[in-house]
There are 2 protein chains.
Amino acid sequence: MPIPRAAQTQRRTRIQEEKEEQILEAALDVFSQNGFKGATIDQIAEVAGMSKPNLLYYFRTKEAMHRALIERVLDTWLDPLRAFDAEGNPESEIRSYIRRKLEMARDFPRESRLFANEVLRGAPLIEDALKGPLKELVDEKAEVIRAWAKAGKIAKCDPYHLIFSIWSTTQHYADFDVQVRAVLGQEKDGDGRFEDAARFLEQLFMGGLSIRN
Amino acid sequence: MPIPRAAQTQRRTRIQEEKEEQILEAALDVFSQNGFKGATIDQIAEVAGMSKPNLLYYFRTKEAMHRALIERVLDTWLDPLRAFDAEGNPESEIRSYIRRKLEMARDFPRESRLFANEVLRGAPLIEDALKGPLKELVDEKAEVIRAWAKAGKIAKCDPYHLIFSIWSTTQHYADFDVQVRAVLGQEKDGDGRFEDAARFLEQLFMGGLSIRN
DNA sequence: CAATAATTTGACCGTTTGGTAAACATTACA
DNA sequence: TGTAATGTTTACCAAACGGTCAAATTATTG
């Protein structure tokens with residue numbers, strides 16, 4: 001009778017796992033399209049196929065839902081950068097980083113837009129994560145790139161802005177999808193568009209870093 | 001006594017000009033930070049320094065405000081691309097296009113974020129503009145770039161994705177400003193950051209298009 | 001099976017929101 | 001200066017919102 005909130009219980013039941021998953025899936029849909037303030041609990045509940053109080057049984061507030069969602073996304077979002085290997089070959093490392101980021105934009109556009117929405121509004125929920133773990137990771141990888149440049153393996157360039165430009169060019173295809181589709185028309189869609197983008201970005205970055213094929 | 005809404009009157013008075021300007025300025029502040037749904041009329045009214053009904057005297061609905069604002073922004077936003085000159089030198093044309101876009105991201109970040117917010121939510125208000133005038137303009141300039149490539153003045157590349165990548169890399173500094181600042185720390189701020197970005201992007205695109213300095 | 005814990009829901013609450021009505025104030029101009 | 005058009009404000013409304021409550025239902029387990 002007293003309400004032991006799902007999030008507080010020690011061991012999570014099967015139902016809890018399933019329902020929380022179901023809710024976060026719906027929340028991703030709604031938050032990524034409307035932003036935090038624009039999304040409503042009723043809307044998420046409807047998409048999730050459950051009543052509003054039921055949803056609030058698993059996440060006590062709208063913000064708790066958003067926080068759970070964005071923390072999870074932020075984590076997987078950085079996986080490609082973590083995979084960036086200092087010991088590897090500069091050309092193939094950068095090339096495959098670009099491709100992996102582009103694949104994520106293609107396969108997880110909602111996650112990209114959720115993140116974009118959050119950063120756009122000032123990133124109140126993830127400010128600490130950006131200044132802490134994210135910055136540290138980028139610092140580390142920037143150092144790798146700088147070392148490559150110093151060793152003459154790639155052209156000298158600002159590693160931070162290189163990373164920014166890879167982020168922005170790839171995520172653009174998720175975040176600005178509507179615009180991209182409007183400009184390209186429907187004839188180029190899906191995989192064709194993806195391959196065109198991949199080819200172009202590869203050429204751009206390989207050339208810009210003086211890595212000739 | 002009957003209410004001749006400002007927007008409907010034939011000739012606009014001095015007060016109308018001033019107040020509408022004042023409102024749109026405030027609306028830019030609020031909409032760009034919170035998105036359409038996240039922004040409230042009360043908030044805009046407060047920033048504009050007038051009462052809510054007074055604001056609604058000039059713009060009958062929240063959507064009317066947003067529409068007026070975004071149409072104006074969209075127009076000026078495309079100016080740099082319009083300035084792109086087919087007769088000019090490819091290198092300097094592309095270089096100055098990048099610089100101009102980067103300057104806009106620096107000087108008009110709110111406009112950039114307003115636009116980003118609108119596209120992120122599916123661009124319901126400007127879908128037609130994207131598929132019409134915007135597409136036509138991009139088509140035209142893409143043809144110019146293609147001709148340059150054919151003439152061997154720049155490397156062969158997909159002109160559409162080239163334009164997308166210039167848009168995304170430059171606007172990134174406005175839209176993802178919080179993230180950029182979090183990663184770079186505060187030591188690099190303002191003009192220093194801008195110059196670093198400009199130098200990097202110039203190198204990237206000039207190299208990627210095989211235009212060697 | 002019994003009883004306890006976990007889950008689900010309809011009804012509800014206070015606040016915020018977009019927008020209106022009408023009275024009041026100010027400006028423009030004959 | 002008078003008066004009609006324009007501009008401004010206070011008070012208000014209905015709908016939507018985030019969230020609560022208690023009762024009902026379902027699952028778990030001794």
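The structure presented is a predicted model; accordingly, all values stated were derived computationally and were not measured. Letters A, B, ... mirror the listed sequences (proteins, then strands); counts begin at 1.
The distance from atom NE2 of B:H66 to atom P of C:dG19 is 13 Å, rounded to the nearest whole Å. Residue B:N34 contributes atom CG, which lies 11 Å from atom P of C:dT17 at whole-angstrom precision. Look at CZ on B:F59: it is 16 Å from C1' on C:dG18, rounded to the nearest Å. Look at OH on A:Y57: it is 15 Å from C1' on D:dA23, rounded to the nearest Å. Distance A:Q16 CD to D:dA27 P: 14 Å, rounded to the nearest Å. If you take CE of A:M50 and C1' of C:dG10, they are 17 Å apart, rounded to a whole angstrom.
The side chain of B:N54 contributes an N or O atom lying less than 4.0 Å from OP1 or OP2 of D:dT9. Within the 4.0 Å cut-off from OP1 or OP2 of C:dA6, not a single side-chain nitrogen or oxygen of A:K19 is found. Note on A:Y58: a side-chain N or O is less than 4.0 Å away from OP1 or OP2 of C:dT8.
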Identify each donor-acceptor pair in which a side-chain atom of residues 127-135 of chain A lies under 3.5 Å from a protein atom, sequence neighbours left out, and give them as a table.
{"from": "A:E127", "atom 1": "OE2", "to": "A:K131", "atom 2": "NZ", "distance (Å)": "3.1"}
{"from": "A:K135", "atom 1": "NZ", "to": "A:D139", "atom 2": "OD2", "distance (Å)": "3.2"}
{"from": "A:K135", "atom 1": "NZ", "to": "B:V183", "atom 2": "O", "distance (Å)": "3.1"}

Sort me out a list of protein N/O and nucleotides 15-19 of chain D N/O pairs below 3.5 Å, or just none if empty.
{"from": "D:dG18", "atom 1": "OP1", "to": "A:A39", "atom 2": "O", "distance (Å)": "3.3"}
{"from": "D:dG18", "atom 1": "OP1", "to": "A:K62", "atom 2": "NZ", "distance (Å)": "3.0"}
{"from": "D:dG18", "atom 1": "OP2", "to": "A:I41", "atom 2": "N", "distance (Å)": "3.0"}
{"from": "D:dG18", "atom 1": "N7", "to": "A:K52", "atom 2": "NZ", "distance (Å)": "3.1"}
{"from": "D:dG19", "atom 1": "OP2", "to": "A:K62", "atom 2": "N", "distance (Å)": "2.9"}
{"from": "D:dG19", "atom 1": "N7", "to": "A:K52", "atom 2": "NZ", "distance (Å)": "3.4"}
{"from": "D:dG19", "atom 1": "O6", "to": "A:K52", "atom 2": "NZ", "distance (Å)": "3.1"}

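With sequence neighbours excluded, the residues forming a salt bridge (Lys or Arg N to Asp or Glu O under 4.0 Å) with A:D42 are A:K52, listed by chain and number. Looking at residues two or more places apart in sequence or on another chain, you find a side chain to side chain contact (heavy atoms under 4.5 Å, CB included) between B:D85 and B:E87, B:E93. A:R67 meets the side chain to side chain contact (heavy atoms under 4.5 Å, CB included) test with A:E63, A:E71, A:L125; sequence neighbours excluded. Every side chain to side chain donor-acceptor pair (under 3.5 Å) that B:E25 has, sequence neighbours left out, goes to B:R110. With sequence neighbours excluded, the residues that form a side chain to side chain contact (heavy atoms under 4.5 Å, CB included) with B:F108 are B:W77, B:M104, B:E111. With sequence neighbours left out, B:R181 forms a side chain to side chain contact (heavy atoms under 4.5 Å, CB included) with B:D177, B:D189, B:R193.
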Worksheet item: When Watson-Crick pairs (N1 to N3 and N6-O4 or O6-N4) and G-U wobble pairs (N1-O2 and O6-N3) count only below 3.5 Å on both distances, what is the dot-bracket string of DNA chain C, with | for other-strand pairs?
Response: ||||||||||||||||||||||||||||||
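Between A:K37 and A:E118 there is no salt bridge, since no side-chain N of the basic residue sits under 4.0 Å from a carboxylate O of the acidic one.
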Fill in: From CA spacing to verdict: side-chain hydrogen bond (donor to acceptor under 3.5 Å, both in side chains), B:S96, B:R100
CA-CA 6 Å; B:S96 64; B:R100 239 170 298 183; 3.2 Å; yes
